Amino acid sequence: MLQLVVGQLLNGVIVGTLYAIIALGVTLTFGITGIVNFALGAFMMLGAYFTWYFSDGLGIPYPLAVVLATLAIALVGLVADQVLFRFTRNNLINGLIVSIGLISVIVAIVLMVWTTTPQNMHYVLPGVFRVGGVIVPKMKAVVFGVLLLVILFTYAALTRTWAGRAAYAYAQNPEAAALMGVRTKVLQAGVAAYSAALAGLGGGLYASLYSITPEIGAGYILKGVEAAILAGIGSVMGSFAGGIIIGVAEGVGSIFLPSAYNDAYGLVFLVLILLFKPAGLFAVSSR
Amino acid sequence: MKSRVSIVKAVAASLGVAALAVATGAYSQNVVKIGEIEAQTGALNTYGWMSSQGMRIAVDEINKAGGFEVAGKKYTLQLINPDTQGNPQQALIQLKTMIEEDKVKYVFGPFLTNVFKGIEGYARQHNGQFLLMGGATQIHYELGKPGNDYLVRTWNWDAGPSGFGTLMVDYLKKKGVKKVAMLMQNDAFGHVAADVYRDAFKKAGIEFQENWFEPGTKDYSAVLAKISAGSPDYLFPGYTDAVLYDIVQQATQLGLTKFWLVRGSLGPALKNKDYIDDYVAYIPKYFEEAEKSEPKVKKFVEAYKAFYKTKDFPYDQAPLCSSSCYDHVYMLVEAMKKAGTVDDVAKVKNALESFTYDGLWKIRYDQTGEEVINFDIVDVQKGGKITVTHEQPR
Amino acid sequence: MLLEIRNLTKRFGGLTAVSDLSFTLAEGDILGIFGPNGSGKTTLLNLISGVYQPTSGRLVWAGEDLIGRRPHEIAAGGIVKTFQNPQLFGELTVFENVAVAGHLRLKRRAGWRRVATLLPARHGSDDDLHERIERVLALCRLGSVRDQPAKSLSYGGEKMLGVAMALMCEPRVLLLDEPGSGLGQDEIRNLDEVLRDLRTHGTTLVVIDHRVGFLGRLADRAIVIHHGAKIAEGPPGDVLRERSVVDAYLGPGHA
Amino acid sequence: MKLLLLWVPLVLVPLVIHNNVVLTILIFTYLLGILAVSFNLIFGFTGQLSLFHAAAFGLSAYATYLAMAHWGVPFWLGMVVGVVFVSLVSLVIGTICFRFNLRELYFAIVTLAFSELFRLVILNWNSFTNGSLGINFTLTPTLWIPGRGVVPVQGTMMWYYLSLVAVVLAVGFYSRIVHSWMGRCFASIRLNDDLADTLGINVFRYKLIAFVAANAGAAVAGSLYSFYISYIDPHYFSIDQSLAIIAMALLGGSRYVAAPIVGALVLTALPHVINVNAEARLLIYGLILILTILVMPRGIVGVLVTGLRRPSRAPQTPERPRHAA
């Protein structure tokens, strides 16, 4: 029993980092552009398809395929931001509806190109680590490592570099930041592209673990938004923690409770936390 | 601003034109319309989408060959296949349009139980006016009831004497299995399957454990770990490739290496051939083998590649639905020829039940209107060694 | 005593915005509040109107403790404030803005019977509300713009609308947060007339204003706040001459 | 009153058009119209993005049928059970959300969470709800018609007039609320709830009233819709359904009480009007959503009333400061 719980704790943490990478994109986009971009889920799906196509279709080595897919998705995110989301800045509902429209468009295009048949990439790194009865697939460990590095890098970039501090200042107070010389438009476009890239990277790594269908984005964006809100939107390390909390809640929850309610465990957590800390777990009270 | 105005105008204009198109709906004498009520998009579209793939090829082939002759008159086929999105409301409107506007008398579908239930009430009101030839397991329970003459069940799924449920359990029993754990998606078909096998396993004296997952799940490791702790002999996993690849990979990582009654394709088995021990699949037709031994199958594979301009034939899903639905169209045409009418659905139904169609499949319908079909049990062992058992239900 | 403020303190994190402040207000009083920018004047009004909860101290309104009450309860009790930066319902017309503010009046007059006005048969039962709105609009010289969206008003017009909305609530105490700042000459004249009008009607007023001369004439009494604490209280003319007040405004050692 | 005349042609439709398909599309339009109009009370007029609406719709459908099946009550009483049940549930959820002052995204996500929780319960409570297989209705609503006595509601004609009456009543009900002092309270909450608070409006109470009143409309729609289709399953609760409701309200125009019905008409009719393959239809749906927001933020009815030009430079920008949550 202990092995089961420890195993799922570990697995929940790993699965949670995939939620966290989306949550991070959600949090950054929200902080800088004032909208919640649900299309990040679709970007993630697209990232998975691109990686699979580059790797299995064109024969590019997997790590390079992930990098290429990430860059491609960053571009997609940038274009979407300039063509669509530029007009919905700071309007939550309009941004939400446009992003839902964009999801439909992306899914339609993917269906036209790759059909509804699920795609499966070759095994990049098969096999498992066994530590005292606890089993962790090797690839999952790698995915966790990469995502953790990216999240830490993002955190460092936001706190240690001028661009990061500018973004942070902007999220706190747009007017003041603009007066301080932050170029709002460049900053917003940059963050939109970076958030998309995070989603694309998440998709690229996802492709090495699971099968790919046009619907995968929907589940991940919901978990991502849940994670971002759980933590208190705006906090980088909070998104990370939020993703892990949801991942662990699902993993450990389905051991003790019926697995059919798997999606509920994270939600219950979310509701409870919001009731006791309405601005999220790690938020500094705004009032 | 000007361009925005014109976009809206264009959209408005096309709406208007399309509205006119729906209002007319001319009925041509020499065209037999075939409808299809299936989900083409959405989370549960696999079966619907595959079926329409096969039907489109058949309709195209028949029309290119100049149509077919019934009672001295030449007819061509027209396929009407809107997208239900798995939504009963859309399906109901679509079925009404087919029956009342397009005067369609032959409707294929649906595979989805919720869609079938959504249209059932309306369809019954039109009993005798058309045939509904669907694959939903729920239809099995409706066949032969009074007022249900319109129903024909394509596909023999798990349930009933001509279904493969009992045969599959028998196959497993021969292997000396004591305990099976099911991991099924929590949807309508999942529950129908559980209902069928709960009883079948009880009769066979095999312990049966039920576990459910939400459609859309990708990481099964938690529930698989829980299952693995109970050490079952075989795992009975979900029913589409979209979930099977993930379940099989993650199960083998946890040491669950024997799978039973896997539908869909051999893809997951072959991809994991070094990690599995046994993988018993229900395959309506093992295409990789049949392609070599049966010229008709080879021809179908080539026709498919040409029609959809693809190099890769989807062995994983195509054979399951598209090939049988391809046959269904041909068989229906054959029945119309035998009945000597394209309008009298009662006669066509009788004709349909009177012969065995020898196409890609050997298909016949029993007296209740349920399809009886041959199928293959494909047993994949470690390393990819394959044994095929050909079954022909009575 | 209408309103009694005892040892009111508000801290934001490490910052003490209002510090141990006490004063009282009687029916019909007009109290001016002076103090340099950032001295805690607005925070004080926000504490009285329930927008902020004080860290410590008491607010006694007609013998009742107001601590813990929500702003709408305090407004319902009769204390209404305007905003330094006008807060409006921009999409609604000027008339509708004032109509929204008529809610409390309707509630007082009709009580639960106002639910009955939702029934189709009781159409038009708030006609006397309309009359009242027109009167308030006329008083605040907003009659000519009554059907314009509030966001199309000039800054002065917006501030005036803020006052009109507050008046519509029929307050027993009206808290005005710098009603004159940012206004043009004509608008100031307007405002002053309105305030004098209120004075003659006996409305209790608490006014923050920088215009010492004007407020000096309007108010009966003034308090001066510096760093959140009261440094002087008395007739307006006197307090402004006090040494500590001059230091607070101009810096110590001046004059 | 003048607006009431606009409904007259709809009464005449079945007498002129003897086309069951068109009538069926209109029946769905009216039933979903009730859903969209009621949603717009909380969304368009009170400014709270509730994602619980589809759940209210589904819960009432289940409650109505189960009350009829278990207690043997007639349909209309069953509908009352549905509406009361949904109102009580909404009261609890609304109290939780508004007492803790959850705003904007937080409110949206928490209402979504509750609707998912209800969906999961309905989905897995097999013995009571028949789980994912859903319930096939064997019961029909009945109506008392002068001269004919109590007759079952069946056939396209009866359903057409029943749903038309229902949607007219719903529009009447909500427009009465919206154009009253209560509607002014809702508008004040949407536009600036801090200001509303200082003006003596009990923001909590009126948010709660709007939420419950909106969900009660969804409950009526759910009872009627499920009995028209004669089938319920957990898909009634799906996120897609919630999103479709938002799309209807926005597409029709969220500033007008009856406008969401136009949105319901377009989205119901579109798949049957435009004969394209599934992928293209999905593409068109997405483009419609995007264009609605970017080109005509006041919806179709808004365009008809004011033209395409935006009434002001900054349409629908929230007036409260950013990061208000």
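In what follows, every chain begins at residue 1, and chains take the letters A, B, ... in the order their sequences are listed. Computed from a prediction, not measured in an experiment: that's the story for all the values here.
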Under 4.5 Å from a heavy atom of chain A, the part of L283(D) involved
both
The interface call for V36(A) against chain D, heavy-atom contacts under 4.5 Å, is side chain
How would you list, by chain and number, every residue that makes a side chain to side chain contact (heavy atoms under 4.5 Å, CB included) with N262(A), sequence neighbours excluded?
E250(A), S254(A), Y265(A)
Gap separating the CD1 atom of I246(A) from the CG atom of L267(A), nearest 0.5 angstrom
7.5 Å
Pick one of side chain, backbone, both or neither for V225(A), based on which atoms fall under 4.5 Å of a heavy atom in chain D.
side chain
At a 4.5 Å cut-off on heavy atoms, which part of L96(A) comes close to chain D: side chain, backbone, both, or neither?
side chain
So, the part of I97(A) with a heavy atom under 4.5 Å from chain D: the answer is both
Applying a strict 4.5 Å limit to non-hydrogen atoms, the region of L243(D) in contact with chain A is side chain
Under 3.5 Å, side chain of R190(D) to main-chain N/O of G44(D), donor-acceptor pair present?
yes
Greater than 12 external heavy atoms within 6.0 Å of Y256(D)'s OH
yes
Looking only at atom types and distance, does a side-chain atom of S115(D) sit under 3.5 Å from a main-chain N or O of F52(D), one as donor and one as acceptor?
no
F114(D), CZ: over 12 other non-hydrogen atoms inside 6.0 angstrom
yes
Taking only residues two or more places apart in sequence or in another chain, which ones pass ring pair (Phe, Tyr, Trp, His ring centres under 6.0 Å) with Y236(D)?
F57(D), Y225(D)
Most contact-rich option vs chain A, by heavy-atom pairs under 4.5 angstrom, among E116(D), E279(D), R119(D), is E279(D)
L49(D) versus chain A, heavy atoms under 4.5 Å apart: side chain, backbone, both or neither?
side chain
Could you tell me whether D81(A) and R89(A) make a salt bridge, using a distance below 4.0 angstrom between a side-chain N and a carboxylate O?
yes
Using a cut-off of under 4.5 Å on heavy-atom pairs, state which of D263(A), I103(A), T88(A), V98(A) scores highest against chain D.
V98(A)
For I284(D), which atoms come within 4.5 Å of any heavy atom of chain A: side chain, backbone, both, or neither?
neither
Most heavy-atom pairs under 4.5 Å with chain A, out of I239(D), I109(D), N124(D), T292(D), belong to N124(D)
